[in-house]
Structures are given as C-alpha cells and as structure tokens.
Protein chains: 2
Amino acid sequence: MDFSELKSVCGGCTIRELCLPAGLSDEEVLLLDQHMAHRQVVKKGESLYRTGDAFRSLFAVSTGFFKTSILHEDGRAQVTGFQMAGEILGLDAISTDQHICDAVALEDSAVCEITFDRFEELGQLMSNLQHRFNKTLSREIVRDQGVMLLLGSMRSEERLAAFLVNLAKRFAARKQSGSELVLRMTREDIGSYLGLKLETVSRILSRFHDQHLLEVKGRNVRILDQQGLNKLIEGS
Amino acid sequence: MDFSELKSVCGGCTIRELCLPAGLSDEEVLLLDQHMAHRQVVKKGESLYRTGDAFRSLFAVSTGFFKTSILHEDGRAQVTGFQMAGEILGLDAISTDQHICDAVALEDSAVCEITFDRFEELGQLMSNLQHRFNKTLSREIVRDQGVMLLLGSMRSEERLAAFLVNLAKRFAARKQSGSELVLRMTREDIGSYLGLKLETVSRILSRFHDQHLLEVKGRNVRILDQQGLNKLIEGS
DNA sequence: CTGTTTTTTTGATCTATATCAAAATATAGA
DNA sequence: TCTATATTTTGATATAGATCAAAAAAACAG
C-alpha cells in the first residue's frame, strides 16, 4: 500500500456532495478537509484494512472500487458490499474499535482517511456534520436491510437484476453511464454477495443476454432493457 | 395503542446498561431521562410504527418483544429483526425521516420514546452520549451484516442453530434463562427472518429435538446441547 | 509475445429446500 | 366452557439452484 500523502482536496472534489462533506458550508468543508482527510492510494488487490485491525479511521473512497467481506471460521467468506467513490468504509468498526471485515481494492483506488477521534470532536463543534453523519450510518443500516430482503426473499434472477440496477443507479449518480457497466468483481464475488454460486451468476447473465435484457461480454455489461429488469425485481 | 404517559424511569431502570444510557453518569442519565424519555405501552399485535410514517422518535424497548419487517411491493414480507428490552427501534428511519419498516409488538410491551431532534441536541452537549450512540448505530450495522452472512452462506440447520443461540445469549444478558426460551414469534416469522419456509423451520426444530439438541414443545424451547448447536453453526 | 494461471461458460446430474396437502394442536373470542 | 381460527407438524413430491466436470476465454508473468 502506498501511504504517500497527496494534498487534501475535499473542497474541490467532484464527488463532494456524495461524500461526508455533503451539505456543509465551504468553511465547514475546509475544516473537515484540513483537519482530517489524508489521501492515500490502494493498488488493485491490496487490502485497505483486514479483520481484526485496530480501528482508527474511516475511509471515504475517492476513486476506484472496493469490496468488503467477512470471513467465517471455516474459510467460507461472505461479500458484504461493494463501495465506489463517495462511499464510506469502516462504519462497522466503530462499534468494537476493531475492523470486522476485510476491505480490498478491486481496481487501483484512492481513499481519504478520516481519523475517527478527530471526526467525533469536529462533530461536537458542527452539529450539521454530526447530523449528516447520523444519516450516513442510518443509510448503511437501510442498505444492509435491503440486502437482507434480497437474500431472504428474492429468487436468483431477481437478486441479480436488483444488483445490476443498483450498480447502474450508483454509477449514474456519479455522472458515469447508467447503462454501460464494467464489473470490477468476479462472478464469484457477485455470487457471494447475492448468496449464489458463480455458475448460477454466469448462467443468469447468459439468460438475461438471450432475453435481450443485457449485452454481456465478460465483465462489460450493457443494460438494454432497464424496464424489463425492474419488472423482474418486482417479481412479475 | 395506549399513549398514556407513565413516569420516566431511566435512572432506576434495570436494563439501563443495555440501553442508550449505558456508560453515562447519573447526572447525564437524569438529563436524558427528563428531557426525552416518554414511556408508552404497545399491546400484543399492535404496531409501534408503520412503513411510511414520519420519523420523530427512536424507541427503546422497555419490556416485551417486537419484530420489524419490510414489505415488498408484491406482498412478500421480510422480517428484519426481533427486538427485546434495551434494544432501539427506528434507527433505519434517521436516514430518510420516514420509517422504512413496520414494528409490531409480539407480546404486551412498553417502550421509551426518545424525540430524535432533542436527542441530537443533547448529543451536542454530551460527547459521551454521542459517542455511545455512534457505537449503537455501528452495532446495528454489524448485526445486519451478521444476518447477511447467515442468509448468504449458511445452510438451513446452521441458520436456525445460529438464531437460537443468539436469542439465548440475549436473554441471558438480561438475566433471564439462557436455555429456556419462549419464542414469541410464529414459525413463519422465524422462517422469514432466516430466509426459510415455515415448514422447514418446523422440520428442523423436530430434527433438533430428535437429536437431543433441544426440547421443543410448541413455542417453548429448551436448549439441551449448546455445544452441539455451536458445532453446527461452525459448519462441522 | 508466449506459456501459465485464473476466470467464465456450459452441460449433466444431484440435493436441499420449497411446495402442496391434510391432520393435529394451540389460541382466541363468544 | 365451547367454537372458530390460526398455527404447527408431518408426509409426498417437485424444483431452483448446487455440485461436478471440462472446455473456452481472459488476464497475467516472464
């Protein structure tokens, strides 16, 4: 991991409104920025943190793409999420002061490190920041419950459709194409996240391709029929 | 729902250390108590709140037992959790200012209502309280990710074993028996939570009974072999 | 660029859990 | 208490998705 510090740049960051500074005034952003955000690079395949590491900081994804996964005693792993620009890594570690999952970069990435102690101090000074952060934590709870719904009561096709539509939405919110997706993760990662085997993921992608819902070429996926996918999710 | 206000009692509450006041000084508890905690009763089968309701308050379960569930468009429902004394209801609503699930009492219960605006103000005054609350939110994220692990990579027997062991632990932490469980929810509720059908839940309970892991008599379950259940969870 | 490793696709088969059905219990209301 | 309703159990059968296997394609290292 390359810990070389680049200059802090919240103020000029293009994804500022998707990240922790959302809704803060310029002065407030400056404070947040100068006091806490250290930028660092994580190369593809490297871990930002691992299960058991002491918790010091949250990390905001600046550029790139991560996955988080929990490992079960017996080797089984469960991917718990994929994070892209503006999303916060490490929220789960606040509860025990230890990281409870691994965070691995799926492409060359950069993150902004936010020392949590100092962040909490700043939260005491800026009620605005604290209020937003409460919402950030709550939003993660909502996201997780969405995954519970997906794993607990949707069939495999519905799960994959929901996954793709969700990814597309998040890319679109970042001014990237909402229909041309480049999947940074393997079929196995997707399967783990969705509670399916990689073969099942592959088969369903092929089926969606045959049904003209998608155009699938390896990890390049183009959504051809957003409507059709949405209908699938609702369990038509 | 009976909105009659009883006197606030955080200070003398037996589960204080399992609830929001955990770790606060007596003076701090008094402040929390007097400024925000309204006690109210929810009868068995009644809703504390429903999906779409405006978010005003968090609720700490004082006595009783709740379930929360999300409803999917097409009628499918997913139980997202069961809450007992000391646990907080409504954390998911902070993100959107609307409740995104239903909370239903599974037995006659009482809750302490905590106006969230005032709670946030108090968090600004008491960094201690705010710090604890950050941990509370993070703990909910950890819990949800545990459910994701369960739904995504465990088999039906492992899920049910994990569910029972978790319930037993939480009862034990509340000075109730950790082996004599009274299940307040139906087999269908358990199944929904675990991503299984009620028949499967029933069959596995019967199987555990036959294997002398449990003694099952309707909703009364006695854990006979905690070790055995733990071994199952680890995927022996 | 070339050989090696990893990932993906597709087919054949198996199995854990769902579904359908009906009897047995338990719970709640009059 | 008795009656109606809801829940639970158990059996027979079906099926979605897993597993095993092998070829094809892509990614990577030297």
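Chain A is the first sequence line, chain B the second, and so forth, proteins listed ahead of strands; every chain is numbered from 1. Note that the coordinates shown come from a computational prediction; the quantities given were computed from them, not determined experimentally.
Atoms CG (Asp108(B)) and P (dA28(C)) sit 10 Å apart, rounded to a whole Å. Note: CZ (Arg159(B)) to C1' (dA18(C)) measures 13 Å, nearest angstrom. Rounded to whole Å, atom P of dG17(D) lies 11 Å from atom CG of Leu160(A). We find that CZ of Arg187(A) is positioned 10 Å from P of dT10(C), with the value rounded to whole Å. Regarding Leu194(B), its CG atom lies at a distance of 18 Å from the P atom of dA16(C), rounded to whole Å. Put simply, CE on Met185(A) is 17 Å from C1' on dT6(C), counting in whole angstrom units.
In this structure, dC1(C) and dG30(D) make a Watson-Crick or G-U wobble pair, each of the two defining distances being under 3.5 angstrom.
Proximity of residues 200-221 of chain A to DNA chain C (heavy atom under 4.0 angstrom from any strand atom) is restricted to Ser202(A), Arg203(A), Ser206(A), Arg219(A).
Here the side chains of Asp92(B) and Cys101(B) are in contact, with some heavy-atom distance below 4.5 Å.
Partners of Arg222(B) under the side-chain hydrogen bond (donor to acceptor under 3.5 Å, both in side chains) rule, at least two apart in sequence or in another chain, are Glu180(B).
Open room surrounds CZ on Arg50(B); 12 or fewer heavy atoms of other groups in view lie less than 6.0 Å from it.
The residue among Met154(A) and Leu198(B) whose nearest nucleotide of DNA chain D is located toward the 5' end is Leu198(B).
Nucleic acid contact for Gly195(A): sugar-phosphate only, since backbone atoms but no base atoms lie under 4.0 Å from a heavy atom of the residue.
Between Ser156(B) and dT17(C) there is a side-chain N or O to OP1 or OP2 distance below 4.0 Å. At dC28(D), one or more side-chain N or O atoms of Lys44(A) fall inside 4.0 Å of OP1 or OP2 (strictly under the cut-off). Taking 4.0 angstrom as the limit, Arg155(B) places none of its side-chain polar atoms (N or O) nearer than this to OP1 or OP2 of dT17(C).
The listed nucleotides are dG17(D), dT10(D), dT8(C); the one nearest the side chain of Glu199(B) is dT10(D). Which of dT19(D), dT8(C), dG17(D) sits closest to the side chain of Lys197(A) comes down to dT19(D).
Under 4.0 Å is where a charged nitrogen must lie from a carboxylate oxygen, and between Arg170(A) and Glu87(A) at least one such pair does. Classification of Glu188(B) and Lys197(B) as a salt-bridged pair fails, no side-chain N sitting under 4.0 Å from a carboxylate O.
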Hey, mind stepping through Phe66(A) and Phe82(A) against ring pair (Phe, Tyr, Trp, His ring centres under 6.0 Å) and telling me if it holds? CA-CA 6 Å; Phe66(A) 286 82; Phe82(A) 300 103; over 10 Å; no
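For the 3.5 Å distance criterion, the side chains of Gln78(A) and Ser69(A) fail to qualify, holding no donor opposite an acceptor.
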